[in-house]
Number of protein chains: 2
Amino acid sequence: MLELTQILKEHKLKVTPQRLCIFKILCETTEHPTAEAIYNSLKNEFPTMSLATVYKTLDTLVQHGLIQQLNVGEDSFRYDATVLSHPHVKCVKCGQVMDIHNMQTIKGLREEVKALTHFDLMHEQLYFFGTCPTCQKN
Amino acid sequence: MLELTQILKEHKLKVTPQRLCIFKILCETTEHPTAEAIYNSLKNEFPTMSLATVYKTLDTLVQHGLIQQLNVGEDSFRYDATVLSHPHVKCVKCGQVMDIHNMQTIKGLREEVKALTHFDLMHEQLYFFGTCPTCQKN
DNA sequence: TTAGATGCAAACTTTTTGCAACAAA
DNA sequence: TTTGTTGCAAAAAGTTTGCATCTAA
């Protein structure tokens, strides 16, 4: 928590309990929650917290590069505290979204895209869809 | 147009002027339009066309695997008549979304994801972001 | 003290739904 | 004739905005 306070200060953001708590939730979960999900897991601790504040805070954190916004083909956005670009895989049965880290083949992929399109690439969003090991058994 | 009629019939879909026209627009463009954009380009020719019909038609076509829905991190969905899975690249300056075909490195990517996650993979959505050659010059 | 954040309600955007009239097969 | 489609309006869902109050610095 002290560390998160520090990070917010470094970005010249006022350190409020609401911000800290939203940021903390994102850092501690691997579930890539939506704004609504974050709001629901917070409103016990912060009964006066409003969904608008969640959205404003998430927007602020995205603007400062502290979290990233995901778009997994759903009707709402998800958020991820891991800013380093990494692919995600979503289970079409249970709906969970998982990170995939340490991919070796991405570098080659980027190079091929660059060669084919002549774009000056900045970042990418890679989403895979299928059935997770648990759902495969059922 | 005859060909599109044929395709709709093969899927046991009633062939209406609205459906044909929406399907045709998607087949002829490379711009990955949104529902709204399709509606706008149609309402001169079909003054009674409603946006709800566009959405219903797009949904029907997606369900039958005749088009695919894209989610390029925007607030609305785009649609693509090329069903074969292929990556897309979006210019962060001018906003255009382009197809990338004939990627050689995707197969290796899929295999690595499969090995790392043990998911039974079905499809993927790969989006790259950067500056297009035209915008680089400006 | 002051710049900026919160929280409520209202607005806005995109997409979906209900249903009566209509058109393709 | 029957089954499914269209088109309107209303609703739903997600997100943003305006503004008065409040709070961190």
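Each chain gets a letter, A, B and so on, in the order its sequence line appears, and its residues count up from 1. Computation of the quantities below employed the complete heavy-atom set of this structure, encompassing side-chain atoms and omitting hydrogens, waters and symmetry-equivalent molecules.
- In this structure, A:D75 places its CG atom 15 Å from C1' of D:dA11, rounding to the nearest Å.
- Between A:F46 atom CZ and C:dC8 atom C1' the separation is 18 Å, expressed in whole Å.
- Mapping A:K56 and A:A35 onto DNA chain D via the closest heavy atom, the residue that lands nearer the 5' end is A:A35.
- Nearest to the side chain of B:A52, among D:dA9, C:dA3, D:dG14, sits D:dA9.
- By the 4.5 Å heavy-atom criterion applied to side chains, A:P87 and A:Y127 are not counted as neighbours.
- Straight-line distance from the OH atom of B:Y39 to the C1' atom of D:dT6: 13 Å, rounded to whole Å.
- For B:E36 and B:L13, each mapped to the nucleotide of DNA chain C holding its nearest heavy atom, the one lying further toward the 5' end belongs to B:E36.
- Contacts of A:S76 with the nucleic acid, taken as non-hydrogen atoms under 4.0 Å apart, involve only primed sugar atoms and P, OP1 or OP2.
- Side-chain contact check for B:C94 versus B:C132: some heavy-atom pair is nearer than 4.5 Å.
- Minimum heavy-atom separation, A:V54 to A:I22: CA-CD1, 3.9 Å.
- B:L20 places its CG atom 9 Å from the P atom of C:dA25, with the value rounded to the nearest Å.
- Regarding contacts with the backbone of D:dA24, every side-chain N or O of A:T16 stays at 4.0 angstrom or more from both OP1 and OP2.
- The distance from atom CG of B:D59 to atom C1' of D:dT5 is 14 Å, rounded to the nearest whole Å.
- One interatomic measurement links the two molecules: CD1 of A:I22 to P of C:dA5, which rounds to 13 Å at whole-angstrom precision.
- Residues B:E112 and A:T105 have side chains that bring a donor and an acceptor to within less than 3.5 angstrom of each other.
- Applying the 4.0 Å criterion to OP1 and OP2 of D:dT23, one finds that A:Q18 has every side-chain N and O outside that range.
- Residue A:T48 places its side chain closer to C:dG7 than to any other of C:dG7, D:dT15, D:dC8.
- When the side-chain nitrogen and oxygen atoms of A:Y55 are compared with OP1 and OP2 of D:dT16, none of them lie within a distance under 4.0 Å.
- Taking atom NZ of A:K14 as the reference point, atom C1' of C:dA3 lies 5 Å away to the nearest angstrom.
- Two residues are said to be in side-chain contact when any heavy atoms from C-beta on lie closer than 4.5 Å; B:F23 and B:L61 meet this criterion.
- Remark: P of D:dT15 and CZ of A:F77 are 6 Å apart, rounded to the nearest angstrom.
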